[in-house]
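See below for the structure under consideration.
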Amino acid sequence: QVTLKESGPVLVKPTETLTLTCSVSGFSLTNPRMGVSWIRQPPGKALEWLGYIFSTDEKAYATSLTTRLTISMDTSSSQVVLTMTNMDPVDTATYYCARHLRAVAGPSRYSWFDPWGQGTRVTVSS
Amino acid sequence: EIQMTQSPSSLSAAVGDTVAITCRASQSISRYLNWYQQRPGKAPTLLLYDAHTLQGGVPSRFSGSGSGTDFTLTISNLQPEDFGTYYCQQTYASAFLTFGGGTHVEIK
């Protein structure tokens with residue numbers, strides 16, 4: 001059974017750095033067809049893709065967050081870490097990680113997210 | 001960035017009805033389009049990928065169609081467990097993925 005679980009602080013202060021960990025099981029992060037994407041959802045709003053990582057050292061970040069976001073992977077511990085600097089109240093959201101599947105072992109337009117973690121709610125407030 | 005626009009933003013339908021949700025891309029994305037369902041308070045789940053391929057375990061009353069810029073998610077014989085919000089996602093721009101704004105489905 002494939003599972004992903006997010007963990008990290010519930011509350012961060014403005015200007016602080018957020019670090020979230022996605023712990024995966026049931027699949028290998030070394031599989032070049034399987035990576036992890038991070039997605040967030042502000043309260044009552046739509047989903048927003050943040051970025052992804054594959055073990056082939058492929059990474060991509062949402063255009064609006066490239067200067068603040070870093071995603072890293074530790075295959076030995078089956079964890080993916082999201083780091084977001086200079087947090088602001090507008091970053092208050094539920095943060096999800098999801099297994100990012102693609103049709104081939106390399107960059108591909110055929111990709112999808114399945115399954116997702118349960119999500120972790122992060123509030124940015126002083 | 002490819003913009004994805006869903007319509008309607010919300011709808012109300014009765015059990016047994018057929019509903020259609022549309023998703024329009026700001027440029028052609030071929031069939032690189034996925035659909036997700038999100039029940040209240042839960043994480044999204046994958047319904048269809050490649051615009052029309054049903055994910056395993058998803059009921060056959062869900063179907064997808066379209067290519068290029070216009071796509072449709074159809075739910076036939078609507079069931080009470082189908083309430084929630086539906087999102088489309090483009091993967092044509094494989095390093096700049098985007099979601100639609102969501103369509104909230106309410107059961108009458």
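- Looking at I39(A), only its side chain comes within 4.5 Å of chain B, counting heavy atoms on both sides.
- The parts of F96(B) that come within reach of chain A are both its backbone and its side chain, each placing non-hydrogen atoms under 4.5 angstrom from that chain.
- Contacts of Q38(B) with chain A are made by side-chain atoms alone, with heavy-atom separations under 4.5 Å and no backbone atom involved.
- A side chain to side chain donor-acceptor pair (under 3.5 Å) with S23(A) is found for exactly one of K5(A), Q79(A), E6(A), namely Q79(A).
- Using the six-membered ring where Trp is involved, Y96(A) and W116(A) have ring planes that are perpendicular, over 60° apart on the 30 and 60° scheme.
- In this structure, Y32(B) and Y92(B) have tilted ring planes: the angle between them lies in the 30° to 60° band.
- Proximity to chain B (any heavy atom under 4.5 Å) is restricted, for K45(A), to the backbone atoms N, CA, C and O.
- Using a 30° and 60° split on the angle between ring planes, F54(A) and Y52(A) fall in the perpendicular class, above 60°.
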Evaluation steps, side-chain contact (heavy atoms from CB on, under 4.5 Å), between T70(A) and M84(A): CA-CA 7 Å; T70(A) 302; M84(A) 186 178 295; over 6 Å; no

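- Per-residue counts of heavy-atom pairs under 4.5 Å with chain A were compared for L33(B), D50(B), I29(B); the largest is that of D50(B).
- For chain B, the nearby part of S108(A) is the backbone; its heavy atoms alone come within less than 4.5 Å.
- Using a 4.5 Å cut-off between heavy atoms, E58(A) does not touch chain B at all.
- Between chain A and the residues A43(B), G102(B), P44(B), S30(B), the most heavy-atom pairs under 4.5 angstrom are made by P44(B).
- A cation-pi arrangement, defined by a distance under 6.0 Å to the six-membered ring centre and an angle within 45 degrees of its axis, is absent between R68(A) and Y61(A).
- With chain A as the partner, the residue from N34(B), L97(B), L46(B) showing the most heavy-atom pairs under 4.5 Å is L97(B).
- Looking at Y87(B), only its side chain comes within 4.5 Å of chain A, counting heavy atoms on both sides.
- Here S111(A) is the residue among A60(A), P107(A), S111(A), G119(A) with the most heavy-atom pairs under 4.5 Å with chain B.
- Remark: R121(A) CZ is loosely packed, at most 12 non-hydrogen atoms of other residues, nucleotides or ligands lying under 6.0 Å away.
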Please walk me through it: do T120(A) and L20(A) pass side-chain contact (heavy atoms from CB on, under 4.5 Å)? CA-CA 9 Å; T120(A) 186; L20(A) 295 175; 4.0 Å; yes

